[in-house]
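Heads up: the structure comes next, in structure tokens.
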Amino acid sequence: MKLQINIGKRLGSFSLNMEATVSGERIGIFGASGSGKTTLVHAISGLTAPDSGEITLDGACLFSSRKGVNLAPEKRRIAIVFQHARLFPHLGVKANLLFGYRRCRPEHRKIRPESIIKVLNLEHLQGRGVGNLSGGEKQRVALGRAVLANPRLLVMDEPLSALDDSLRFQIIPYLRSVSEKFGIPYLFISHSLTEMQLMADNVLVVADGNITGVSTPDELARTGMARSPRGYLNLLRLGSAISHDGLFHYPWGDGTFIVSDGRTNGDSLFELSSRDIILFKKHPEAVSARNMLECRVAEMFDSDGRKGVVLESRGQRLVAEIVHSAAVELGINPGSTVFAAIKASAFRRLD
Amino acid sequence: MNLSPQDITAIGLSMKIAVTATILSLPIGFATAWLMVFRNFRGKVLLEVLVNLPLTLPPVVIGYLLLLFFGKNGWGGSLLKSAGISFIFTWKAAVVASATVGFPLLVRSIRLGMESIDRQLLQASRSLGAPWYDTLATVVLPLSFRGMVAGSSLMFARSLGEFGATIIVAGNIPGVTQTIPLAIYDYASSPTGTAMALSLCAVSVALSVVILLLHEVIGNKLEHRNDA
């Protein structure tokens, strides 16, 4: 998917000027609330018309003030998943799912209702009304409804913000797998960097009504490391754990991670702050931290006076954070070997 | 309680007028409410004033204005005459009088219902491929249903009670345009009519209670359906 935007819009005293060209299948739109993210996606999906400019999606003009083009939202084939599912309250689950499918031209109907119902695990909900679904179920139905409209682009407008933490990370695999399995590119809007890291390859950064740059989630996490209250958050998907002495041993790189809050069945997503990793030049013999890993320093980066140290162990990477003087004292340079100590309780299980 | 055949005709006529006025006004009321809630256009304030005017005007004034408009020399009157339709002093005139007086009540209720519809539902519908008219029919209409029920029952009740405008445009002709209130008025002005007037009053009360009950029952049903 290739999206070209060059638009201007005034909303009272707030003025929006957005210009960017971005391509890829998984694009994030990242910015604080009130920065203009929603206005941007509304302009792309045709729900609000910009005052001036042009929007082109895969070469097709959606909006152009110069040519007098403003395609109606129903003609753009851009389906939206809203923050609060927004299911039609007068229709049941099944009718909600099929709302867009029924209105989709037969030649565009590539995704069948049965397949999406299966992927999203909605079989048992089909006969229900939408009033008594849980938050996660509602969001899955909303996602199914959007995908079944067989859109050429899926817009997810903070689809996880209304869900609590554990549910949020249970929905993410659905969001990703649906887009991958059915080949629909998406725009994922969020103010959470963690969500961006999990959902997007490229990110449009929006601030004060402007697109300030195109970046990757990792780059954003690196630049924001020193300023963020929790540093750089390493997201690790770990599996095949063995339980031993009430702790969980997960294979990682050349060694294992010992984690206090794990589980033996299935994969889990863990969050590890760059500030919870202590680096040693030599093996410190005895230490209370349960994890002591020998790693190679793959690269180093600066973030507002702090040093980010990218550790590598058999292809797996982890970012640790140290102050500049520590880097000098320990003589840490790319290529050198260090020992990383991590407490078992520093790993936070997300799903 | 004793009702003369003339009273029974009056009851039937009242019902017929109220039902016709309500049914005819419903689509226009829906369209007007939709315009007021979802569309921005020049002269919106003017439309608002115009729609609500009958609420504040004395019904007699409305009746008189209708009489002028639909009378022999009025625009409406000459138009209907060329179409061969006699209008003034018929039950059709009573329908128009009732519809005019009850219209603001209908629009207000539908509007309240529409205003409570989440705009994002309409955005969802549009982005899922439904053009505005499809969205109107499949999202706005069903979600305004409660407002329409409330508005219809209010309007129906108001029509049953219509007096001032009706007596001017439709007259008080027993068997032709005499509705319950007009019949009560006749009885009240005759010294022997007290018992007859009271019987019709009882019918009025009964009809009002039935309408209010029906309104509650349908309202509750809709609420439960939304919860299911």
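Worth saying up front: this structure is predicted, and the values here are computed from it rather than measured. In the text below, chain A, chain B and the rest are named by the order of the sequence lines, each starting its count at 1.
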Report summary line: So, the part of A/Phe82 with a heavy atom under 4.5 Å from chain B: the answer is side chain

Query - Under the side chain to side chain contact (heavy atoms under 4.5 Å, CB included) test, residues paired with B/Lys16 that sit two or more places apart - result: B/Thr20, B/Trp91

Requested in this report: Identify which part of B/Thr135 has an atom lying under 4.5 Å from any heavy atom of chain A, answering side chain, backbone, both or neither.
Outcome: neither

Query raised in the report: Are B/Asp118 and A/Arg86 ion-paired here, with the side-chain N under 4.0 Å from a carboxylate O?
Result: yes

Report task. Please examine the side chains of B/Pro54 and B/Phe103, heavy atoms only from C-beta on, and report whether any two atoms are closer than 4.5 Å. Result -> no

Requested in this report: Measure distances from A/Leu47 to the heavy atoms of chain B and classify the residue's part below 4.5 Å as side chain, backbone, both or neither.
Outcome: side chain

Report summary line: Contacts of B/Ile168 meeting side chain to side chain contact (heavy atoms under 4.5 Å, CB included) (sequence neighbours excluded), chain-then-number -> B/Val60, B/Leu67

Enumerate donor-acceptor pairs with a distance under 3.5 Å from any side-chain N or O in residues 200-210 of chain B to protein atoms, sequence neighbours excluded.
{"residue": "B/Ser208", "atom": "OG", "partner": "B/Ser204", "partner atom": "O", "Å": "3.0"}

Query raised in the report: Are A/Ser64 and A/Glu54 linked by a side-chain donor-acceptor pair shorter than 3.5 Å?
Result: yes

Requested in this report: Determine the interplanar angle of the B/Trp75 and B/Phe69 rings, folded into 0 to 90°, and report it as parallel if under 30°, tilted if 30 to 60°, perpendicular if over 60°.
Outcome: perpendicular

**Report entry** Those residues of residues 138-163 of chain A, ordered by number, that approach chain B below 4.5 Å (heavy atom to heavy atom)
**Finding:** A/Arg145, A/Ala146, A/Ala149

Query - Ionic contact status for A/Glu114 with A/Lys118, cut-off 4.0 Å - result: no

Requested in this report: Can you tell which part of A/Leu91 gets under 4.5 Å to a heavy atom of chain B, answering side chain, backbone, both or neither?
Outcome: neither

